[in-house]
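Below is one structure, written out as structure tokens, with a few remarks after it.
One-based numbering, in listed order, for ligands and for the atoms of each.
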Amino acid sequence: MILDGKATRSIARTEDGKGVRILDQRQLPWEIRWVELRSMDEAAVAIREMWTRGAPMVGATAAYGLAMALAVDPSDEALLAARDTLLHTRPTAVNLRWALDAVGTAVGDLPPEERAEAAFARADAICDEDVELCRAIGASGLELIRALHAQNPGRPVQILTHCNAGWLATVDYGTATAPIYLAHDAGIPVHVWVDETRPRNQGALLTAFELRNHGVPHTVVADNAGGLLMMQGKVDAVIVGTDRVTANGDVCNKIGTYLKALAAHDNGVPFYVALPYTTFDADLPSGDAIPIEERAAEELTEATGPDAEGHVTTIRLTQSPAANPAFDVTPARLVTGYITEKGVLDRIGG
Ligand code: MRU
């Protein structure tokens, strides 16, 4: 990722190696604030309260959280308790369980005194692998974008994305955004329609921030605008990330993704889902069984941001009760293809 013109990862160990530093995404794009997490409890709070977020980043942060817990108490009981706490921070993204299992397996047979170091090493490896997976996803998706450009060489390729599946949501590159960054860097003109992604506005605040930093042309649109843009022929492809893909190919992602898939289907616009293998849940047969996170109503009934003087302030948007399901499931039949580290896989099923 390019931040202030410099290549940076969105999570890295602190200088003394005992904690991690992450960007506090609640402050973006208004303030770039790095925070250090120095205990399992701090990692759990950062995930639960969405200082950091996005399926692969949640997994990476939890992996370090487990390592930090083992540095304090490497016993079997402490390992199980820390795993349980971290696993329950957020329910929907399967990367969280995957990462905790990966660290648990790496340390399970070791004597207690060796566990913390091995856990940190496994968490480092998860991060390194995530970068490579996202880079490979980018290379797979680049060919799709190249083909779209060949169909309409006279204008930029128009891509619509939802939420933030960018480098803030991973260790680097992102999943949905990796093909976009690689295409832009390869000189293919790309323009991105960025869904604002209510209620937390990950699109307007985070994806737009990323694209701006990378110099990729983009426009933020209201979540409800995508259907019209597709009908007007202004979208060549939709590319989104995902929190979990089940064995039958159903795709769980940020609330509103399903409506984009329906609109894309109705308008003959290809709908692609970018994911690494760590987001595939072979244990669940279909999307109905995915736990959908219900978040606080205040995310919907209030909005926070700087006023004209730059003072961060919170305002009310409604006086009525609100419900806030944070994810939805797009049936496999609406997915054109899955952009993975192994290439683009066709729709699963009919
Ligand atoms: O609630 P969030 O912001 O964690 O939701 C994130 C998403 O829905 C992303 O699209 C998904 O995690 C993929 S991130 C590569």
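- Of the possible donor and acceptor atoms, none in the side chain of N201 sits under 3.5 Å from a partner among the backbone N and O of L205.
- Side-chain atoms of L23 and R33, non-hydrogen and from C-beta on, never get closer than 4.5 Å to each other.
- A salt bridge is defined here as a Lys NZ or Arg NE, NH1 or NH2 lying under 4.0 Å from an Asp or Glu carboxylate O, and R97 with D281 meets this definition.
- The contact set between ligand 1 and N253, taken as ligand atoms under 4.0 Å from a residue heavy atom, comprises 7 (C), 8 (O), 9 (C), 10 (O), 11 (C).
- The single protein non-hydrogen atom nearest to atom 14 (S) of ligand 1 is A169 CB, 3.5 Å, given as residue, atom name and distance.
- With respect to the salt-bridge test (charged N to carboxylate O, under 4.0 angstrom), the residues D236 and R155 qualify.
- Counting heavy atoms closer than 4.0 Å to ligand 1, residue T242 contributes backbone atoms (N, CA, C, O) but none from C-beta onward.
- A side-chain donor-acceptor contact under 3.5 Å links N267 to the backbone of A263.
- Less than 4.0 angstrom separates some heavy atom of R90 from each of these atoms of ligand 1: 1 (O), 2 (P), 4 (O).
- Note that CG of L110 and CD of E117 are 10.5 Å apart. Values are rounded to the nearest 0.5 Å.
- Note: an N/O pair closer than 3.5 Å links D243 and ligand 1 by distance alone.
- Residue T175 approaches ligand 1 through these ligand atoms, each under 4.0 Å from one of its heavy atoms: 15 (C).
- Counting heavy-atom neighbours within 6.0 Å of Q232 CD, excluding the residue itself, gives a total above 12.
- In the vicinity of A55, heavy-atom distances shorter than 4.0 Å reach the ligand 1 atoms 12 (O), 14 (S).
- In this structure, Y258 places its OH atom where only 12 or fewer heavy-atom neighbours from other residues, nucleotides or ligands lie under 6.0 Å away.
- For L275, the heavy-atom gap to ligand 1 stays at 4.0 angstrom or more.
- Residue-level proximity to ligand 1 for C163 is carried by the side chain, the only part with a heavy atom below 4.0 angstrom.
- Near Q202, the atoms of ligand 1 lying under 4.0 angstrom from a non-hydrogen atom of the residue are 1 (O), 2 (P), 3 (O).
- The line from CG of D195 to NZ of K254 is 13.0 Å long, rounded to the nearest 0.5 Å.
- Every atom of ligand 1 is numbered from 1 in the order shown, and the set under 4.0 Å from a heavy atom of K254 is 1 (O), 2 (P), 5 (O), 8 (O).
- Protein heavy atom in closest approach to atom 3 (O) of ligand 1: R53 NE, 2.5 Å.
- Taken from CZ in F327 to SG in C163, the straight-line distance is 7.0 Å, to the nearest 0.5 Å.
- Proximity to M50 (heavy-atom distance under 4.0 Å) selects the following atoms of ligand 1: 1 (O), 2 (P), 3 (O).
- Residue P56 approaches ligand 1 through these ligand atoms, each under 4.0 Å from one of its heavy atoms: 14 (S), 15 (C).
- Neither the backbone nor the side chain of T279 has any atom closer than 4.0 Å to an atom of ligand 1 (non-hydrogen atoms only).
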